[in-house]
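Along the sequence shown, the residues carry numbers beginning at 1.
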Amino acid sequence: ARPARKGKPVRWREIYTTLIGAGHRADQIGGYTERQIMLYFDAALRRERRQRVARFNDVRMAFGADKDKATSYIKSLTDN
C-alpha cells in the first residue's frame, strides 16, 4: 500500500488488521479515505510502540528494582 518501516512496503491486509486490532470495525474502515486510513494506521503503530516500551519498563522494573524502587514505581502507576 505504501512505503513504511524502513522503506518496506506495507500490505493493505496488515493495515486492516492493525486498525481492527486498534478497535476500528472492518465495515467502517471501508468508508475511510486513504488519508484517514494512513493517519489511523500511523497512530496505531505509535500506540503499539508506546505499549511495548511500557511493557519493557515493567519487566525491567520487575527484575531489576529493589523493593523501594518497585514500590515507588507501582505507586506512580496507580496514582494516575
Side-chain angles (χ1 to χ4, degrees):
R2 73 179 187 119
R5 296 196 201 128
K6 300 180 184 176
K8 295 180 182 179
V10 178
R11 297 179 185 261
W12 283 110
R13 68 175 173 240
E14 183 178 349
I15 293 171
Y16 269 61
T17 57
T18 300
L19 293 181
I20 291 168
H24 296 265
R25 290 193 345 239
D27 61 327
Q28 291 176 321
I29 297 169
Y32 295 166
T33 65
E34 185 175 348
R35 176 142 172 80
Q36 286 174 311
I37 290 171
M38 294 308 163
L39 289 171
Y40 286 137
F41 179 64
D42 289 340
L45 293 179
R46 283 191 309 274
R47 182 174 182 259
E48 287 177 6
R49 286 190 297 269
R50 284 192 308 270
Q51 289 173 334
R52 290 183 69 194
V53 168
R55 274 193 306 276
F56 174 82
N57 285 331
D58 291 343
V59 170
R60 187 180 75 178
M61 184 60 69
F63 285 100
D66 61 27
K67 184 178 179 182
D68 292 334
K69 285 183 183 176
T71 301
S72 175
Y73 181 66
I74 291 170
K75 184 174 179 353
S76 75
L77 292 175
T78 55
D79 284 346
N80 293 328

- Item | CD-OH distance between Q28 and Y40, expressed to the nearest 0.5 angstrom |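 Rounded to the nearest 0.5 Å, the CD-OH separation comes to 8.5 Å.
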
- Item | side chain to side chain donor-acceptor pair (under 3.5 Å) assessment of Y73 paired with D58 | CA-CA 9 Å; Y73 181 66; D58 291 343; 2.5 Å; yes

Quick one: are [X] and [Y] in side-chain contact, heavy atoms under 4.5 Å?
X	Y	value
R49	L45	yes
I15	M38	yes
Q36	I29	no
R60	N57	yes
W12	I37	yes

- Could you tell me which non-hydrogen atom of M61 sits nearest to which non-hydrogen atom of K69, and how far apart they are?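 Looking at all heavy atoms of both residues, the closest pair is SD-O, 4.1 Å.
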
- Step-by-step ring-ring contact (aromatic ring centres under 6.0 Å, His included) determination, Y32 to H24: CA-CA 11 Å; Y32 295 166; H24 296 265; 5.6 Å; yes

- Query: Quick check: does any side chain N or O of S72 sit under 3.5 Å from a backbone N or O of D68, one acting as donor and the other as acceptor?
  - Reply: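 Not at all, since once roles are kept as given, no pair shorter than 3.5 Å links the two residues.
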
- Message: What verdict does the side chain to side chain contact (heavy atoms under 4.5 Å, CB included) test give for F41 and V10, after you've listed the backbone C-alpha separation in whole Å, the side-chain angles of each residue and the deciding distance to 0.1 Å?
- Response: CA-CA 11 Å; F41 179 64; V10 178; 3.8 Å; yes

- Query: Linking Ile, Leu, Val, Met, Phe, Trp and Tyr by side-chain heavy atoms under 4.5 Å, what else ends up with F63?
  - Reply: V59

